[in-house]
Number of protein chains: 2
Amino acid sequence: MENCVPTHLSLGLLLRLVHQHWTQDVEAALEEAGFGDIRPPHANVFTFIHPEGIQVSELTRLAHVRKQTMTQAVEELERLGYVERRPDPNDRRARLVFLTERGKGVRPVAVATGRLVDQRWSDIAGSEEIDALKQALQSLLGKLRGGDKNDGDPMGDGGS
Amino acid sequence: MENCVPTHLSLGLLLRLVHQHWTQDVEAALEEAGFGDIRPPHANVFTFIHPEGIQVSELTRLAHVRKQTMTQAVEELERLGYVERRPDPNDRRARLVFLTERGKGVRPVAVATGRLVDQRWSDIAGSEEIDALKQALQSLLGKLRGGDKNDGDPMGDGGS
DNA sequence: TGGATATAGACAGGTACCTGACCAATATGA
DNA sequence: TCATATTGGTCAGGTACCTGTCTATATCCA
């Protein structure tokens with residue numbers, strides 16, 4: 001009796017709960033991979049950073065989080081030695097974020113983590129179902145915002 | 001060009017973004033209904049409370065949030081005069097949460113808010129799509145937890 | 001060329017979740 | 001019946017988001 005999944009929970013609740021699962025799973029996967037010091041929000045940085053350096057503002061746009069949030073992630077990664085910030089030669093207001101040598105080593109793992117969780121969920125629930133869910137969410141999102149500029153995100157996030 | 005919704009965002013990112021939309025929409029709907037002092041997490045209380053009184057612990061179970069979170073919501077609603085807490089005659093550790101007269105008046109509106117947002121989203125994206133999404137999330141959730149006790153939630157949440 | 005506006009980033013502060021430690025009352029069971 | 005969980009609730013503290021304000025630089029255009 002006790003494991004019927006009976007009536008409909010609200011959409012808000014469902015979204016929150018599934019999202020929580022995702023975050024936890026990403027965190028666990030990072031831990032497992034031996035990078036306990038990298039946490040979900042950091043994945044956003046690893047996902048979108050590139051060798052030419054990138055501004056924090058650009059990162060916020062790509063990851064859809066606020067400046068404060070992204071700044072904090074970058075600062076933490078800087079403290080951990082994965083990235084460094086240097087002045088932007090083309091804009092004296094800005095600083096560019098670069099991977100350090102250490103960061104370059106970790107990036108593939110950090111980026112792969114999201115995919116890994118995707119994979120696990122596909123194993124559990126069927127990859128078609130997961131794909132359909134993604135599609136549905138994406139389509140919904142597109143409709144909710146009248147038409148938002150979007151951006152790739154090969155896998156990204158992991159974060160939130 | 002700028003409104004293509006091109007490649008696939010990660011599931012985590014999608015979940016976060018859609019959830020954010022939901023929360024904002026619920027908040028806006030409450031505001032619109034003239035209850036700007038009621039905020040999304042409070043909806044959990046209004047959804048699950050009943051005339052016989054309910055323990056905070058029971059509320060946390062139903063809404064799937066932690067004690068601290070629910071306690072805070074209840075305290076706020078108490079301060080606003082929507083609920084009151086009285087000792088549980090059957091358990092001297094516990095206190096029961098009851099709606100005040102004021103709370104009884106607001107409850108239907110607070111509960112309806114979630115449905116309202118559901119309705120709006122159905123208008124925008126098609127009710128079939130929304131229903132399918134709910135179903136998919138629920139099914140996924142059921143699979144992620146080996147098999148969890150569930151609970152109704154006629155509409156609930158609103159909150160997160 | 002100079003004034004309005006937009007942008008990069010820092011800073012201050014709030015919210016809705018979370019965890020873990022703790023106390024008091026209750027239920028369990030040898 | 002008394003030690004041992006378990007549970008209801010509080011307290012302290014952390015995280016990942018959010019908002020708004022502010023300064024310095026950049027951009028745009030009249």
Side-chain angles (χ1 to χ4, degrees), chain A residues 12-13 15-28 30 36-45 53-78 85-97 157-160, chain B residues 12-13 15-28 30 36-45 53-78 85-97 157-160:
Chain A
L13 186 47
L15 288 165
R16 173 161 63 78
L17 293 174
V18 175
H19 181 249
Q20 266 172 25
H21 255 285
W22 170 271
T23 308
Q24 282 170 15
D25 284 5
V26 167
E27 188 125 40
L30 284 167
D37 56 350
I38 300 180
R39 300 202 304 78
H42 301 150
N44 284 325
V45 178
I54 190 168
Q55 294 182 0
V56 168
S57 305
E58 181 65 11
L59 282 172
T60 70
R61 252 174 261 120
L62 295 170
H64 294 271
V65 296
R66 295 303 188 226
K67 284 187 284 186
Q68 185 92 341
T69 306
M70 186 53 75
T71 301
Q72 195 184 334
V74 169
E75 275 169 357
E76 267 177 46
L77 287 175
E78 196 174 31
R85 279 180 294 185
R86 301 203 289 269
D88 184 338
N90 300 317
D91 186 340
R92 271 188 295 158
R93 294 169 301 180
R95 292 199 279 171
L96 294 176
V97 183
D157 184 34
S160 126
Chain B
L13 186 47
L15 288 165
R16 173 160 64 76
L17 294 173
V18 175
H19 180 250
Q20 266 171 27
H21 255 283
W22 170 270
T23 307
Q24 282 169 14
D25 284 6
V26 167
E27 189 125 39
L30 284 167
D37 55 351
I38 300 180
R39 300 201 304 82
H42 300 150
N44 284 327
V45 179
I54 189 168
Q55 294 183 359
V56 168
S57 305
E58 182 64 12
L59 282 172
T60 69
R61 253 174 262 121
L62 295 170
H64 293 272
V65 297
R66 294 303 188 227
K67 285 186 284 185
Q68 185 94 343
T69 305
M70 186 51 76
T71 301
Q72 195 184 334
V74 169
E75 275 168 357
E76 267 176 45
L77 286 175
E78 197 173 29
R85 278 181 293 185
R86 300 203 290 268
D88 184 338
N90 300 318
D91 187 340
R92 271 187 297 160
R93 293 168 301 180
R95 289 199 283 170
L96 294 176
V97 184
D157 186 33
S160 121

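Residue numbers begin at 1 in each chain, while the letters A, B, ... track the order of the sequences.
Between B/Gln24 and A/Glu27, the one whose closest nucleotide on DNA chain D sits nearer the 5' end is A/Glu27. Both A/Gln68 and A/Arg93 sit near DNA chain C, but only A/Arg93 has its closest nucleotide nearer the 5' end. When each of B/Lys67 and A/Lys67 is assigned the nucleotide of DNA chain D with its nearest heavy atom, B/Lys67 is the one assigned upstream, toward the 5' end.
Contact check, A/Arg95 against C/dA10: a side-chain N or O comes under 4.0 Å of OP1 or OP2. Put simply, B/Arg85 has a side-chain N or O that comes within less than 4.0 Å of OP1 or OP2 on D/dT10. OP1 or OP2 of C/dT7 has not a single side-chain nitrogen or oxygen of A/Ser57 nearer than 4.0 Å. A sub-4.0 Å separation between OP1 or OP2 of D/dA24 and a side-chain N or O of A/Arg92 is absent. Dashed line: the shortest gap from a side-chain N or O of A/Arg61 to OP1 or OP2 of C/dA8 is under 4.0 Å. Distances shown here put every side-chain N or O of A/Thr23 at or beyond 4.0 Å from the OP1 or OP2 atom of D/dA16.
Set against D/dG8, C/dG9, C/dC18, the side chain of A/Gln20 has C/dC18 as its closest nucleotide. Here the nucleotide nearest the side chain of A/Pro41, chosen from D/dG8, D/dA16, C/dA16, is D/dA16.
Counting only heavy atoms from C-beta outward, the side chains of B/Gln55 and B/Val97 never approach each other to under 4.5 Å.
In this structure, the side chain of A/Arg86 does not engage the main chain of A/Gly53 through any donor-acceptor pair within 3.5 Å. Looking at B/Arg16, its side chain does come within 3.5 Å of a backbone N or O of A/His64 through a donor-acceptor pair.
Distance check, rounded to the nearest 0.5 Å: CZ of B/Arg85 to CG of B/Leu77 gives 10.5 Å.
Among the atoms of the strands shown, only primed sugar atoms or phosphate atoms (P, OP1, OP2) are found under 4.0 Å from some heavy atom of A/Asp91.
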